[in-house]
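Working notes, structure below.
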2 protein chains.
Amino acid sequence: MGEQHLVTIKDISRRLKISVSTVSRALRGGTEIKKETRELVRQVAAELNYQPNSIALSLKEKRTKVIGVIVPEIANNFCSSTIAGIEEIAYSRGYYVTIFQSHERYGREVTNTQLLTARRVDGVIISVSNETNRYDHLLNLIQKDIPLVMFDRVCSEINTHKVVVNDYAAAFNATEHLIKQGHTDIAHITIADFLSITQNRKKGYEDALKKYKIPAGKRRTVHCSFDAKEMDRAIRAIFNSPNRPTAILASVERIAIACLTVLKEMNLSIPEDVAIIGFSDNPLNNILKPSLSCIRQPTYEIGKKSAELLIDLIEQKGAGKKFHTVQLDTVMDIMESSVFERKN
Amino acid sequence: MGEQHLVTIKDISRRLKISVSTVSRALRGGTEIKKETRELVRQVAAELNYQPNSIALSLKEKRTKVIGVIVPEIANNFCSSTIAGIEEIAYSRGYYVTIFQSHERYGREVTNTQLLTARRVDGVIISVSNETNRYDHLLNLIQKDIPLVMFDRVCSEINTHKVVVNDYAAAFNATEHLIKQGHTDIAHITIADFLSITQNRKKGYEDALKKYKIPAGKRRTVHCSFDAKEMDRAIRAIFNSPNRPTAILASVERIAIACLTVLKEMNLSIPEDVAIIGFSDNPLNNILKPSLSCIRQPTYEIGKKSAELLIDLIEQKGAGKKFHTVQLDTVMDIMESSVFERKN
DNA sequence: TTGTAAGCGTTATCAG
DNA sequence: CTGATAACGCTTACAA
């Protein structure tokens, strides 16, 4: 049982007593072959359930039709949805996707890029680990002429296509939405200031307030640690302060959830007492509505766009490369009813 | 810019004016080589940043060190966590993981298995689409001597290693937990009866009730459609009935969430009026506590176990194959406080 | 200790 | 129209 050896072009040639080159031609080739021969070959091929060996092809053609993807963690909705998008496009264009996790470790990311080049992947899509602040491994890829696309966590040090989310617009629109609903006291709770996403979101928040001439005194951004306890304390402080905001723009899902929890504990109702809009990618967050309005990242689109850019890059390798950064828009999942509408 | 051609063993041999076989030996080989030569070769290899071409190796050794994974949807927490586990083990044992989605389509699943064999993957891990009721494509793999492991959605028609969750025990334990908390009126809401998970969970539920001698009249399993509206109606009917149960065992996450929603609308408090335990894999479900106690599937372990079994299979290919089904236990995430404790 | 040559499965080139 | 041959990068008998 078991065929022991997968059928090759050679088997067909032996069976038909013709040369392998004829078989090869019959299978792919153009016109330079007698119709009957071709038919015969195809028939036998089908019969034997022949499948071309893509490894051999890869060796010959010096391309693998494989795209390598490096992400921090697959089991993270953002990453997995993005990969789904990548896979979708790759599949439709005849490419395969190989996945690697960096587990947020720089070292592992480096190893992964090495494995990828050893595998001779045709291109790489990466979202770097949060430990990564050196980029030699990526430069290495580029130097080896392996096309690279970065998404989400990108860096200015590398010159290549990048796909990111328009954080500025997302924060701006969310804040504007709150203002239009009558809020004038909106706090922005966010994480470490040095991250680009933090800065962009903050800028969007501030610009919206400025546009609507909200006094600078009511413009408050609170940076808090990603550590659960510290985050909790910071949030508690905000809600306990005498001038409690009527709305919150939460910069990351975890903050949004923490706000929900704290407010519940304080017996404040959401959104009647405090409205919350938070960045959140979890499909389950639907069930939180109307407590929480969410800013969803277009993860699937990020994946699709990244794959498209990469494959284009792969297929016109020689061409003059102009790299650009694509900004995709977020989607706001607004709860049906809002504070002020309700009070009417 | 760009090296044009990745450095090969040949480049090293030319550089050193020795034969390729010597280089090869220096790089892998045992003792049959002069120390100095080896050092020299290694040095040059490092200098040129040589990386063995795994495509060539694959062709020669007739193995790719690639594991193919087919899942319905990557962007599904169950699948992506499982893949994470697979990747983890694969990585540690020198394998790569290539991902395919079936999008719950039988046709696409078949195509995927074909692509996988064309790629000459060393083995395949699959969770079949819910459309899949023919298994020729899987038999085909086995016939081609490509090891196969199934997880979660398995089928009896295929004889191979399988990794599933112990649904029976999960349902039994959850039900027992509710009983120990004083509930005697527990309803089981579940989906289509023909699925194996449904049957196993139902059996677990029933056996727990029997063990504690709950009268048969209070043993009620309601099957409802997976369609949102119909599900909603079925659930509403249960809670509106004069003999409303005091606890619910929800067979799938969607049902659990639907219960939460309906109960909220009816102004019934959870878990004071009705306690709910539901199967749910979403990491976000933590925020639902204490409303919902969850039965979590050990997704990561499923992936790890599947990969281990597969790689073992790959590496002792000839050996006598005894296939078995591994049942992994679920984890109950019980809310801290429960109905009856609270009422005290 | 080192080199030569064959072979893994294909395709392309060049003769016939 | 068809067949022999080289080549892709590497390993491994077998010779030297």
Side-chain angles (χ1 to χ4, degrees), chain A residues 3-42 44-45 48-66 94 117-122 144-145, chain B residues 3-42 44-45 48-66 94 117-122 144-145:
Chain A
E3 273 184 71
Q4 180 71 330
H5 123 116
L6 290 176
V7 22
T8 76
I9 219 174
K10 220 171 179 173
D11 297 314
I12 303 180
S13 81
R14 257 197 301 263
R15 182 84 117 64
L16 254 38
K17 295 196 204 320
I18 57 178
S19 77
V20 289
S21 34
T22 308
V23 176
S24 174
R25 257 186 304 248
L27 261 24
R28 359 225 104 231
T31 58
E32 32 181 15
I33 181 119
K34 213 197 321 185
K35 258 193 178 165
E36 303 138 43
T37 325
R38 165 183 301 173
E39 281 320 304
L40 211 56
V41 170
R42 299 215 158 164
V44 175
L48 296 180
N49 199 5
Y50 166 78
Q51 282 194 293
N53 182 329
S54 20
I55 300 300
L57 259 169
S58 291
L59 182 61
K60 182 144 231 314
E61 309 202 338
K62 293 167 168 296
R63 57 118 193 87
T64 51
K65 289 275 178 184
V66 171
T117 57
R119 278 261 121 196
R120 302 296 193 261
V121 295
D122 289 346
K144 287 202 165 94
D145 244 17
Chain B
E3 272 183 69
Q4 180 72 329
H5 123 115
L6 290 177
V7 22
T8 74
I9 219 176
K10 218 169 180 175
D11 298 315
I12 302 179
S13 81
R14 258 198 300 264
R15 182 87 118 63
L16 255 38
K17 295 197 207 317
I18 58 179
S19 78
V20 289
S21 41
T22 309
V23 177
S24 173
R25 260 184 304 247
L27 261 25
R28 359 225 103 231
T31 57
E32 34 180 15
I33 183 120
K34 212 198 320 185
K35 260 195 178 163
E36 303 138 42
T37 326
R38 165 183 299 172
E39 281 319 304
L40 213 56
V41 170
R42 300 217 157 164
V44 175
L48 296 181
N49 197 7
Y50 167 78
Q51 282 194 292
N53 182 330
S54 20
I55 300 301
L57 256 170
S58 290
L59 183 59
K60 179 142 234 319
E61 311 202 337
K62 292 165 166 297
R63 57 117 192 89
T64 51
K65 290 274 178 187
V66 171
T117 56
R119 278 262 121 195
R120 302 297 192 260
V121 296
D122 289 347
K144 287 203 165 94
D145 243 18

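By convention in this document, chain letters (A, B, ...) are assigned in the order of the sequence lines, proteins followed by strands, and residues within each chain are numbered from 1.
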Every protein N/O lying under 3.5 Å from an N/O of nucleotides 11-13 of chain C:
unit_1	atom_1	unit_2	atom_2	d
C:dT11	OP1	A:Arg28	NE	2.1
C:dT11	OP1	A:Arg28	NH1	3.4
C:dT11	OP1	A:Arg28	NH2	3.4
C:dT11	OP2	A:Ser24	OG	2.7
C:dT11	O2	A:Lys60	NZ	3.3

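Residue-level contact check: B:Ile18 touches the backbone only, with heavy atoms under 4.0 Å from sugar-phosphate atoms and none from bases. As judged by a 4.0 angstrom heavy-atom cut-off over every strand, A:Leu59 is placed among the base-contacting residues. Across all strands shown, B:Ser58 has no heavy atoms under 4.0 Å from either base or sugar-phosphate atoms.
Closest approach of A:Tyr50 and A:Ile9 over heavy atoms only: CE1-N, 3.5 Å. Across all non-hydrogen atoms, the minimal contact from B:Arg63 to B:Leu57 is NH2-CD2, 4.5 Å. Across every non-hydrogen atom of A:Val121 and A:Thr64, the tightest pair is CA-OG1, 3.5 Å. Smallest separation of non-hydrogen atoms from B:Ser54 and A:Ala118: OG-O, 2.6 Å.
Per the geometry, NZ belonging to A:Lys10 stands 16 Å off P belonging to D:dG3, to the nearest Å. To the nearest angstrom, C1' of D:dC10 lies 13 Å from NZ of A:Lys62. Between B:Gln51 atom CD and D:dG9 atom P there is a gap of 14 Å when expressed in whole angstrom units. One interatomic measurement links the two molecules: CG of B:Leu6 to C1' of D:dC8, which rounds to 13 Å at whole-angstrom precision. Rounded to whole angstrom, the span from the CZ atom of B:Arg38 across to the C1' atom of C:dT1 amounts to 12 Å. In this structure, the CG atom of B:Asp11 is 13 Å from the C1' atom of D:dC10, given to the nearest Å. D:dG9 atom P lies 14 Å from atom CZ of A:Arg63, rounded to whole Å. Following rounding to the nearest Å, A:Ile55 (CD1) and D:dG9 (P) show an atom-to-atom distance of 15 Å.
Distances shown here put a side-chain N or O of B:Thr37 below 4.0 Å from the OP1 or OP2 atom of C:dT2. Contact annotation: B:Ser19 reaches the phosphate of C:dG3 (side-chain N/O to OP1 or OP2, under 4.0 Å).
With D:dT2, C:dG9, C:dG3 as the candidates, the nucleotide lying closest to the side chain of B:Thr22 is C:dG3. Residue B:Ala56 places its side chain closer to D:dG9 than to any other of C:dG3, D:dG9, C:dC8.
Legend: salt bridge (charged side-chain N to carboxylate O under 4.0 Å, His left out) pairs involving residues 13-23 of chain A, not counting sequence neighbours, sorted by first then second residue: A:Asp11-A:Arg14, A:Arg15-A:Glu47.
Separation of atoms CZ (B:Arg120) and NZ (B:Lys62) is listed at 8.5 Å; rounding is to 0.5 Å. In this structure, CZ on B:Arg119 lies 5.5 Å from CD1 on A:Ile55, to the nearest 0.5 angstrom. Note: B:Arg42 CZ to B:Ile12 CD1 = 11.0 Å, rounded to the nearest 0.5 Å.
Inter-residue side-chain proximity for A:Leu16 and A:Val44 is flagged as met; some heavy-atom pair is nearer than 4.5 Å. The shortest distance between side-chain heavy atoms of B:Val41 and B:Thr22 does not fall below 4.5 Å.
Rotation axes derived from the C1' atoms of the five outermost pairs at either end of the helix from C:dT1-D:dA16 to C:dG16-D:dC1 lie 60° apart, to the nearest 10°.
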